[in-house]
Amino acid sequence: MGAEVFDRIQSRLAKGEEEGQSPPGQARAPAGVSHGILVLDLAPGAVAGAARVLKEEFGFDVFLDVTAVDWPGREPRFEVVWHFYSTAHKVRVRLKARVAEASPAAPSLTPLYGSAAFMERECHDMYGIVFEGNADLRPILLYEGFVGHPLRKDYPKEREQPLVPYREGFEERG
Amino acid sequence: MDKRVIPIEPAGATAKSAAFEYISTRKDELVGWARKFSIFPYPFVTACCAMEFMAVSSTPYDTDRFGAALPRFSPRQSDLLMVVGTVTHKQAPILLKVYEQMCEPKWVMAFGVCATSGGFYQNYAAVPGIDRIVPVDIYIPGCPPRPETVIDGIMKLQEKIAREKHPILTKDF
Ligand code: SF4
């Protein structure tokens with residue numbers, strides 16, 4: 001049942017690209033199905049358009065998550081990953097886009113999904129991805145004054161940034 | 001040749017301070033005995049150790065036998081701060097504030113390895129042991145500790161309270 005929807009999504013996105021509705025260079029890798037999820041690897045500029053098509057034409061009404069993957073040594077270094085769920089078709093779609101370390105910017109999906117605001121804040125905390133269009137990227141799980149992004153692979157695991165100064169006789173690591 | 005000076009206290013003074021010490025020791029024993037059976041815990045419960053905390057508070061283990069059954073949810077009314085579970089750096093200011101709001105005399109228990117040493121967490125989030133934030137009187141190992149271990153910890157704390165000095169009027173008495 002999922003396969004039929006997935007075909008329709010793919011041909012719709014390909015058509016949109018041909019007609020110039022979304023920026024070119026959309027598909028970086030051929031779309032595939034992984035664990036029953038349709039995976040689309042897009043250019044960062046194409047994500048917002050694809051999400052709009054998914055939401056408005058295919059009933060992907062649940063924004064599940066946005067997170068990132070750090071690939072040290074790869075260029076571009078980060079892969080931002082979005083998941084959507086359709087309560088109408090009962091299938092999931094994953095969008096991926098690669099962004100460079102120098103300007104880790106991805107489009108914000110807050111105009112489409114209100115819940116994206118919080119998850120984008122978390123992803124900004126942990127990986128330092130900047131979601132353009134999300135005006136409120138204050139720390140949500142971390143605290144003001146925290147330096148660095150702890151889920152990046154180059155963040156030292158033993159580094160401590162205590163909020164309360166340690167008692168006498170204890171030293172901060174890192 | 002100078003005469004060697006042997007310092008001798010007047011007989012009266014020695015007897016007086018000995019009597020004072022005797023009374024103050026007995027007073028410490030009495031107050032310690034009373035205090036060790038009225039430990040009102042404040043549960044600062046943050047993580048999975050809470051499950052074992054519930055087990056140890058329930059009927060089969062019955063911490064009321066040790067006078068430590070009735071949790072007070074106001075730090076001002078409690079004597080024992082039980083830190084049950086992982087404390088993160090973001091939570092540390094709250095822990096410190098709760099500790100500072102408790103009235104003297106007060107004791108702190110680190111319940112489980114997370115509170116004791118951070119346990120297996122070594123990352124940006126977890127405090128590697130709450131003794132970095134507040135002074136700890138008793139550490140209970142285990143992930144989570146068995147209720148028997150907790151009861152052993154409470155009994156050790158009782159012994160410690162019984163042995164302590166309990167100044168009431170001045171620092172000497
Ligand atoms: S010591 Fe184990 S059971 Fe207790 S809070 Fe830590 S991880 Fe959870």
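In the text below, chain A, chain B and the rest are named by the order of the sequence lines, each starting its count at 1. Remember, predicted model here, so these are calculated numbers, not experimental data.
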In this structure, would [X] and [Y] fall into the same cluster of hydrophobic residues linked by side-chain contacts under 4.5 Å?
| X | Y | value |
| --- | --- | --- |
| Leu40(A) | Val80(A) | yes |
| Tyr139(B) | Val84(B) | no |
| Phe44(B) | Phe40(B) | no |
| Val108(B) | Ile140(B) | no |

Is it true that, when you exclude Lys156(B) itself, more than 12 heavy atoms of the residues, nucleotides or ligands shown sit nearer than 6.0 Å to its NZ? no
Is the OH atom of Tyr61(B) crowded by more than 12 outside heavy atoms at less than 6.0 Å? yes
Given a strict heavy-atom distance threshold of 4.5 Å, which part of [X] is in contact with chain B: side chain, backbone, both, or neither?
| X | value |
| --- | --- |
| Tyr166(A) | both |
| Pro156(A) | neither |
| Leu151(A) | side chain |

Gap separating the [atom1] atom of [X] from the [atom2] atom of [Y], nearest 0.5 angstrom:
| X | Y | atom1 | atom2 | result |
| --- | --- | --- | --- | --- |
| His89(B) | Gln161(A) | NE2 | CD | 8.5 Å |
| Glu158(A) | Gln122(B) | CD | CD | 5.5 Å |
| Arg132(B) | Glu171(A) | CZ | CD | 10.0 Å |
| Leu96(B) | Leu163(A) | CG | CG | 11.0 Å |

Between Tyr124(B) and Tyr143(A), which heavy-atom pair has the shortest distance, and what is it? O-OH, 4.4 Å
